[in-house]
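Sequence positions, counted from 1, serve as the residue numbers for this chain.
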Amino acid sequence: ESVWDASLFIGYSHIGTSVNFMLGFSLVLNAAMQLALAAIVASELSRDAYGDGLARELSAWRRGVGDAIAKRVCDEDITLSTDSLQMDMFVEARDFTSPWATFMPLETGPVLAVLVIFMW
């Protein structure tokens, strides 16, 4: 089933030295990969990248710009010189909430979160 299940056979003499070595190597590699994933999640994905006041700041920005600039942000106009941060946040939010696959009405971000939880 998994490396964790197969690790029960480490040290069993009837399966041979090379198989024991591969089982041990696979167990160590799997543990290292899971630790790396946990470290990345703990250090990078568990903090709010934008801060607490983002909604308030974006609302203030929207009230302060005209409809033409807001439309250019939503249209992802790469010629924007001063509002590219807002455009980047818009694109990131749109990508996170975009459909994961054309045949499934599921959003990318939640699908990724569920996959990580089940893989763990």
Straight-line distance of [X] [atom1] to [Y] [atom2], nearest 0.5 Å:
| X | Y | atom1 | atom2 | result |
| --- | --- | --- | --- | --- |
| Gln34 | Leu37 | CD | CG | 7.5 Å |
| Asp77 | Lys71 | CG | NZ | 9.5 Å |
| Ser7 | Asn30 | OG | CG | 9.5 Å |

So, do [X] and [Y] sit near enough that their side-chain heavy atoms are less than 4.5 Å apart?
| X | Y | answer |
| --- | --- | --- |
| Ile15 | Leu23 | yes |
| Leu27 | Ile10 | yes |
| Phe21 | Thr17 | no |
| Asp75 | Met87 | no |

Should the heavy atoms of other residues, nucleotides or ligands under 6.0 Å from CG of Leu8 be counted, would the total exceed 12?
yes

Do you know the tightest heavy-atom contact between Asn20 and Phe9?
OD1-O, 3.3 Å

What one should report as the nearest heavy-atom pair of Phe90 and Cys74 is CE2-O, 3.3 Å

According to the side chain to side chain donor-acceptor pair (under 3.5 Å) rule, which pairs have a member within residues 54-65, sequence neighbours left out?
Trp61-Asp83, Arg62-Asp67

Any donor-acceptor pair under 3.5 Å from Ser84 side chain to Leu80 backbone:
no

Would a single hydrophobic cluster contain both Leu85 and Val65, if residues Ile, Leu, Val, Met, Phe, Trp and Tyr are joined by side-chain heavy-atom contacts under 4.5 Å?
no

Say whether Val28 and Met22 are linked into one hydrophobic cluster, either directly or through other cluster members, by side-chain heavy-atom distances under 4.5 angstrom.
no

Applying ring pair (Phe, Tyr, Trp, His ring centres under 6.0 Å), can you list everything that pairs with Tyr12, at least two apart in sequence or on another chain?
His14

Stepwise, does the side chain to side chain contact (heavy atoms under 4.5 Å, CB included) test hold for Leu54 with Met89?
CA-CA 10 Å; Leu54 178 63; Met89 286 190 284; 3.6 Å; yes

